[in-house]
Amino acid sequence: MKSSGVLLASTDHLQMSCRGGTGRNYSLICAPIMGKSVDQMLIEIGKAKAGGADLVEVRLDYLNSFNPRQDLKILIKRSPLPTLFTYRPKWEGGQYEGDETQRLDALRLAMELGADYIDVELQVAHEFLSSISGRKPENFKVIVSSHNYQNTPSVEDISILVARIQATGADIVKIATTALDITDVARVFQITFHSQMTHEMKFQVPIIGLVMSERGLISRLLCPKFGGYLTFGTIEAGIVSAPGQPTLKDLLGIYNFRQLGPDTKVFGIIGNPVGHSKSPILYNKAFKAVGFNGIYVPLLIDDIGKFFDVYSSADFAGFSCTIPHKEDALKRCDEVDPVAKAIGAVNCIIRRPSDGKLIGYNTDYIGAITAIEDGLRGSHTTNNSSGSPLAGKLFVVVGAGGAGKALAYGAKEKGARVVIANRTLDRAKEIAELIGGQAISIAELENFHPENGMILANTTSIGMQPKVDLTPIPKRALSSYSLVFDAVYTPKMTRLLREAEESGAIIVSGLEMFIGQAYEQYERFTNLPAPKELFREIMAKY
Ligand code: NAP
């Protein structure tokens with residue numbers, strides 16, 4: 001694939017000249033405080049401090065009743081963290097519907113009473129800033145903000161907006177836009193990255209650049225890498241002041257926020273959906289444990305080609321790939337490992353440092369097949385020390401997607417006779433033809449028992465959270481199987497595995513496949529041996 005993207009193509013050079021080697025991370029974590037009373041807010045501020053936030057954004061518009069002088073005094077005096085006061089009106093996405101003069105008076109009062117920052121909206125910033133001209137306390141900062149709840153404009157339009165905000169006399173610029181696609185975030189990274197350079201040379205003000213919605217998550221996680229002044233981290237999951245905010249706990253505990261910097265390499269899992277993936281926990285914990293300068297993020301991607309076109313720099317160094325992109329990923333790679341080519345699916349992509357080319361691999365089959373072999377060997381019934389215990393077995397793969405192809409290929413390689421059962425029969429037939437197996441529809445599984453002692457491998461997402469009551473095959477059909485494997489690993493014990501165990505089969509969890517394929521990917525990402533014991537410990541906890 002050609003690296004035609006505009007994004008960050010030249011950032012390596014810029015990083016070197018700007019901040020490379022300092023190891024400093026300037027970005028702050030701000031916890032939004034949205035209590036309905038001052039007392040509730042003080043409790044939340046205490047939690048923000050305990051959770052590791054650097055400052056709090058006190059959202060005055062969330063208070064049920066507000067006595068400015070008294071409440072601001074208490075909040076400022078009792079806050080153990082620096083305070084940023086925001087009194088967001090409805091017309092900019094907030095809760096406040098009252099009089100504008102009173103709103104701006106309250107913000108001025110916050111400044112006079114010792115707030116560290118206040119946030120005012122661009123629309124009123126000129127008037128507000130001229131009203132406090134010459135009266136600003138030392139070290140007090142005004143953030144001038146602009147929120148776009150519809151989309152993310154072009155880089156040119158965002159630059160014009162930044163210039164307009166700077167012209168108001170803002171100490172800090174805040175741009176919040178909305179991601180309709182993950183590639184929208186790249187435009188905001190470009191703005192914060194370049195501003196950070198000039199900011200350090202004192203030409204420009206710092207920028208908070210955040211992109212709202214689930215597709216904008218990386219704008220929040222990668223803020224220290226691309227020079228954003230701050231990111232928001234919530235005290236509790238789901239209680240957000242803007243869509244897509246991660247928790248403080250995740251920023252610090254999973255994403256190693258304090259360790260990130262301009263030269264941190266970005267890895268991630270490409271999928272849709274991707275929120276359920278345990279991969280970020282696994283890789284980030286391992287990166288931290290061995291001191292590897294990388295971050296691994298969820299990448300909610302709609303169009304994988306567009307993603308690679310835009311995120312084309314060496315900063316984006318490696319990717320795991322899951323539903324539904326494993327087959328498309330293969331077409332987007334510049335080179336594909338022969339095994340992945342034979343399987344027809346890629347679950348690991350490395351950007352080759354020497355030329356930036358994308359190289360695709362399949363590590364799924366190794367993890368799954370090894371786990372199934374281990375399961376069979378442990379059973380003492382099919383122990384065949386000279387070869388694979390799969391040799392000669394009838395191996396039924398349910399599903400014909402990326403994982404299904406990988407399992408079917410792996411089982412065939414080990415000498416099994418392979419049957420593929422899929423909802424869409426034509427897809428099962430395609431694989432059957434490719435590897436020399438039999439295809440049946442998923443509905444036929446119920447009465448499919450040509451022999452006893454078969455192996456069953458579910459590679460569909462049936463039974464995955466949240467639909468944990470589903471199973472791909474009725475319980476009574478499970479008695480013909482000696483081993484049942486489920487690629488689904490959330491939950492670890494699926495209904496299929498529970499019923500298989502009750503039917504007397506050996507069961508192998510998707511977690512074993514997950515850990516096995518993750519070893520392989522980790523070594524490709526880092527060129528370091530995978531910390532296998534650590535992987536097991538981490539997965540046992542989560
Ligand atoms: P994929 O390429 O999108 O394939 C999905 C497969 O599931 C297709 O065969 C599809 O059938 C079938 N399917 C989906 N929903 C179905 C339903 N409601 N009823 C019947 N069949 C259904 O996905 P994938 O990448 O292969 O991943 C499949 C599963 O394996 C996921 O749950 C994933 O989390 C898991 N996985 C686990 C690991 C691990 O390490 N444990 C690794 C990889 C994947 P059609 O062809 O008819 O659409």
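Hydrogens, waters and symmetry mates play no part in the numbers below; they use all other heavy atoms, side chains included. For ligands, and for the atoms within them, numbers begin at 1 and follow the listed sequence.
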Problem set entry | Of Phe267, Tyr255, Phe525, Phe292, the residue whose pairing with Tyr283 passes ring-ring contact (aromatic ring centres under 6.0 Å, His included) | Phe525
Tabulation required: pairs of a nitrogen or oxygen in ligand 1 and a protein nitrogen or oxygen under 3.5 Å; columns are atom names and distance to 0.1 Å; otherwise 'none'.
unit_1, atom_1, unit_2, atom_2, d
ligand 1, 2 (O), Gly402, N, 2.9
ligand 1, 9 (O), Ala400, N, 2.8
ligand 1, 9 (O), Gly401, N, 3.4
ligand 1, 9 (O), Asn422, OD1, 2.8
ligand 1, 11 (O), Asn422, OD1, 3.3
ligand 1, 18 (N), Arg423, NH1, 3.4
ligand 1, 25 (O), Lys326, NZ, 3.4
ligand 1, 26 (O), Gly402, N, 3.1
ligand 1, 26 (O), Ala403, N, 2.7
ligand 1, 40 (O), Phe514, N, 3.1
ligand 1, 41 (N), Ala487, O, 2.8
ligand 1, 41 (N), Gly510, O, 2.8
ligand 1, 46 (O), Asn422, ND2, 2.8
ligand 1, 46 (O), Arg427, NH1, 2.7
ligand 1, 47 (O), Arg423, NE, 3.0
ligand 1, 47 (O), Thr424, N, 3.1
ligand 1, 47 (O), Thr424, OG1, 2.5
ligand 1, 48 (O), Arg423, NH2, 3.0

Report, one line per pair, each donor and acceptor closer than 3.5 Å where one atom sits in a side chain of residues 502-516; sequence neighbours left out.
unit_1, atom_1, unit_2, atom_2, d
Glu502, OE1, Lys475, NZ, 2.7
Ser503, OG, Glu499, O, 2.7
Ser509, OG, Leu511, N, 2.8
Glu512, OE1, Arg536, NH2, 3.1

For this session: Measure from NZ or CZ of Arg524 to the centre of the six-membered ring of Tyr361 and say whether it is under 6.0 Å with the direction within 45° of the ring axis.
Result: yes
Exercise. Taking NZ, NE, NH1 and NH2 as the nitrogens, is one of them in Asp54 or Arg258 under 4.0 Å from a carboxylate oxygen of the other?
Worked result: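 Arg258 and Asp54: salt-bridged.
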Exercise. Salt bridge (Lys or Arg N to Asp or Glu O under 4.0 Å) with Arg215: which residues, sequence neighbours excluded?
Worked result: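 Counting only residues at least two positions away or on another chain, Arg215 forms a salt bridge (Lys or Arg N to Asp or Glu O under 4.0 Å) with Asp302.
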Seminar exercise, completed: salt bridge (charged side-chain N to carboxylate O under 4.0 Å, His left out) pairs touching residues 282-299, sequence neighbours excluded, are none
